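Structure, as structure tokens:
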Amino acid sequence: MTLTERQLTLATLDRQLLLERGRLDVTEAVRRVCAVQAQAPASPYVALWNRVEDFVPEDLDAAFADRRIVKATLMRITLHAVHADDYAPYHAAMVRSLRASRLYDRRYTSTDLTEEDADGMLPELAAFLARPHVGADVEREFTAGFGERAQRVWWALRTYAPIQHTPTGGPWSFRLPNTYLASPVDPGAETQEAAAAGVRRLLLDHLRAFGPATARDFARFTLLGRPVITQALSELGDRVVRVHGPGRAVLYDLPDATVPAEDTPAPPRLLPMWDSTLLAHVLPGRVLSQDHRPLVVRRNGDILPTLLVDGRVAGVWRALDDGLELTAFHELGKAAWRDLTEEAERLAALLAERDPAPYSRYNHWWDKGIPGAETRTVKGR
């Protein structure tokens, strides 16, 4: 059996809880979808609103506050919210890549410090961050001895050291300036064996959340190198199976995983900025067409909030003070607009309780013009 493009799209939506909202706790929801992009503070809330039945934002506040869900730099050198129990293996899987992204960068190499110098600071940094500190505190008290290099040293350390962001309050739990706290992970415990085990764990979780998927898909999601991924697939053995996709492409999946029937309907959704569904597969992805990609993925890498219609990106949305503005890239039927409007009314009501326009700093993309067939404004219920 060869899976069709439609089946792969539906599989991703199903595993991401986007075909049907799940009746589960927010911590379990985050674990089910592997990781939630958290570059924008509002995004984990909007992501889980799309995925959890009767989502209560205060539940996510509490999960962040008591560190059942943690926010840290992980896959793609980007902030993600992950289940607390997943942080250690995910960080072990990613630390070599995170470390190289900074210690081989000219901003660090120009400090004339070595890789060993940076690594040697990790235990002391963990001790310093045993209680929360903002970055300015770290530069003033921990890296101050490096003079004008202090900012660049901290820039490198904060990316690959096992540290997490700690909630600071506000409508979405996190606000600037970022506040950092050491994780329970011992930097000395992240051995080669731990890294290999972490990659295997992350690969299995990626398949559970985004599969069936290719090795290139996993590389896209993580930015890990092909040799590391090939080794993990070999070591996993029969814990993964091969299936075929369009063009007889080889994909991997879990032995007990299922794929929805091709005629399964996909309900409308209003995804947040940088939703992982658009970032977990090779370009253009499973829900975004190549034609629409330039409208959604901007030149600097910003990925706008999107409208899903029948499982595919059909437009973008933004929050204004008086509701949500929905822009469709092509003409939509009455039923599609009705269903999108109902979703938008509920989302606008959620945002109004906390922050009516959480992505307002990105409105300049709309000011530059986004071509669309139709734009509608929807007010909250």
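Everything quoted here is computed from the prediction, not taken from an experiment. One-based numbering along the sequence shown.
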Evaluate ring pair (Phe, Tyr, Trp, His ring centres under 6.0 Å) for Tyr160 paired with Trp155, printing each intermediate quantity in order. CA-CA 9 Å; Tyr160 83 96; Trp155 168 81; over 10 Å; no
Stepwise side chain to side chain contact (heavy atoms under 4.5 Å, CB included) test for Ile370 and Val316: CA-CA 9 Å; Ile370 294 180; Val316 294; 4.2 Å; yes
List the steps and the verdict of salt bridge (Lys or Arg N to Asp or Glu O under 4.0 Å) for Asp310 and Arg6. CA-CA 10 Å; Asp310 195 30; Arg6 173 69 176 176; 3.0 Å; yes
Would you please test Arg76 and Thr222 for side-chain hydrogen bond (donor to acceptor under 3.5 Å, both in side chains) and show each step? CA-CA 5 Å; Arg76 297 187 309 282; Thr222 59; over 6 Å; no
Can Glu115 and Arg99 be said to form a salt bridge (Lys or Arg N to Asp or Glu O under 4.0 Å), step by step? CA-CA 9 Å; Glu115 298 172 38; Arg99 180 179 178 276; 3.1 Å; yes
Check the pair Asp339, Arg269 against salt bridge (Lys or Arg N to Asp or Glu O under 4.0 Å), reporting the backbone distance first and the verdict last. CA-CA 9 Å; Asp339 294 342; Arg269 293 288 185 257; over 6 Å; no
Please step through side-chain hydrogen bond (donor to acceptor under 3.5 Å, both in side chains) for the pair Thr375 and Thr327, ending with a clear verdict. CA-CA 4 Å; Thr375 297; Thr327 299; 3.2 Å; yes
Would Leu351 and Leu324 count as a side chain to side chain contact (heavy atoms under 4.5 Å, CB included) if you check the C-alpha gap in whole Å, the side-chain angles of each, and the deciding distance to 0.1 Å? CA-CA 10 Å; Leu351 298 180; Leu324 302 188; 3.9 Å; yes
I would like to know whether Phe142 and Leu125 meet side chain to side chain contact (heavy atoms under 4.5 Å, CB included); could you show each step before the answer? CA-CA 7 Å; Phe142 182 76; Leu125 177 62; 3.7 Å; yes
Just do the side chain to side chain contact (heavy atoms under 4.5 Å, CB included) check on Glu343 and Trp49 with the steps written out, would you? CA-CA 10 Å; Glu343 285 286 291; Trp49 173 84; 3.6 Å; yes
One pair to check against side-chain hydrogen bond (donor to acceptor under 3.5 Å, both in side chains): Asp275 and Thr277. What are the steps and the verdict? CA-CA 5 Å; Asp275 192 272; Thr277 307; 2.7 Å; yes
Please walk me through it: do Arg67 and Gln164 pass side-chain hydrogen bond (donor to acceptor under 3.5 Å, both in side chains)? CA-CA 10 Å; Arg67 301 182 74 183; Gln164 301 165 358; 2.6 Å; yes
Checking Trp154 against Tyr180 for the ring pair (Phe, Tyr, Trp, His ring centres under 6.0 Å) test, could you report, in this order, the C-alpha distance in whole Å, the side-chain angles of both residues, the deciding distance, and whether it holds? CA-CA 12 Å; Trp154 169 232; Tyr180 302 89; 5.0 Å; yes
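When all heavy atoms of Leu129 and Ile163 are compared, the closest pair comes out as CD1-CG2, 3.6 Å. Across Ala29 and Val52, no two heavy atoms sit closer than the pair CB-CG2, 3.6 Å. Smallest separation of non-hydrogen atoms from Met75 and His80: O-CE1, 3.1 Å. In this structure, Cys34 and Ala209 approach most closely via the heavy-atom pair CB-CB, 3.6 Å. Among all heavy-atom pairs drawn from Tyr45 and Ser173, the shortest one is OH-OG, 2.6 Å. Nearest heavy atom pair, residue Asp322 against residue Lys379, reads O-CG, 3.3 Å.
Glu58 and Arg354 are joined by a salt bridge, as a carboxylate oxygen and a charged side-chain nitrogen come within less than 4.0 angstrom of each other. A salt bridge links Arg208 with Asp205: the distance from a Lys NZ or Arg NE/NH1/NH2 to an Asp or Glu carboxylate oxygen falls below 4.0 Å. A salt bridge links Arg201 and Asp86; the closest N-O separation between the charged side-chain nitrogens and carboxylate oxygens is under 4.0 Å. Ion pair Arg318/Glu325 flagged as a salt bridge, since at least one NZ, NE, NH1 or NH2 atom sits closer than 4.0 Å to an Asp/Glu carboxylate oxygen. Under 4.0 Å is where a charged nitrogen must lie from a carboxylate oxygen, and between Asp25 and Arg31 no such pair does. With salt bridges taken as basic N to acidic carboxylate O contacts below 4.0 Å, none links Arg338 and Glu345.
In Arg140, the CZ atom is crowded: over 12 heavy atoms of neighbouring residues, nucleotides or ligands sit closer than 6.0 Å. For Asp321, the CG atom counts as loosely surrounded, since its 6.0 Å shell holds 12 or fewer non-hydrogen atoms of other residues, nucleotides or ligands. Counted within 6.0 Å of CD on Glu331, heavy atoms from surrounding residues, nucleotides or ligands total 12 or fewer; the atom is thus considered open.
Of the possible polar contacts, none joining the Thr2 side chain to the Gly245 backbone as a donor-acceptor pair under 3.5 Å is found. Between the side chain of Asp14 and the backbone N or O of Ala11 there is no donor-acceptor pair closer than 3.5 Å. In terms of modelled atom types and a separation under 3.5 Å, the side chain of Asp217 and the main chain of Val282 share a donor-acceptor contact. In terms of modelled atom types and a separation under 3.5 Å, the side chain of Thr166 and the main chain of Thr179 share no donor-acceptor contact. At distances below 3.5 Å, at least one donor-acceptor pair connects side-chain atoms of Thr264 with backbone N or O atoms of Ala261.
Atom CZ of Arg298 sits about 6.5 Å away from atom CG of Leu295, to the nearest 0.5 Å. Distance check: Leu13 CG to Phe210 CZ gives 11.0 Å after rounding to the nearest 0.5 Å.
For Lys368 and Trp365, the positive end sits near the middle of the six-membered ring, less than 6.0 Å away and at most 45° from its axis.
In this structure, Pro267 and Leu19 have side chains that are in contact, with non-hydrogen atoms separated by less than 4.5 Å.
Relative ring orientation between Phe128 and His133 is described as parallel, the plane-to-plane angle staying below 30° on a 0-90° scale split at 30° and 60°. Ring geometry, Phe221 versus His206: the interplanar angle falls from 30° to 60°, so the pair is classed tilted. Note: His330 and His292 have parallel aromatic rings, judged against thresholds of 30 and 60 degrees for the angle between ring planes.
Hydrophobic clustering (ILVMFWY, side-chain heavy atoms < 4.5 Å, transitive): Val297 and Leu304 are in one cluster. Hydrophobic clustering (side-chain heavy atoms under 4.5 Å, transitive across Ile, Leu, Val, Met, Phe, Trp, Tyr) groups Leu202 together with Tyr87. There is no path of hydrophobic side-chain contacts, each under 4.5 Å, that joins Leu10 to Leu207. Cluster annotation: Val378 is connected to Leu308 through the hydrophobic network of ILVMFWY side chains, with a link wherever side-chain heavy atoms come within less than 4.5 Å.
If you check the side chains of Arg102 and Thr159, you find a donor sitting under 3.5 Å from an acceptor. Side-chain contact, Thr111 with Arg152: no donor N or O sits under 3.5 Å from an acceptor N or O. For the 3.5 Å distance criterion, the side chains of Asn363 and Ser360 fail to qualify, holding no donor opposite an acceptor.
Under the 6.0 Å cut-off for aromatic ring centres, Phe64 and Phe174 qualify, their centroids lying closer than that.
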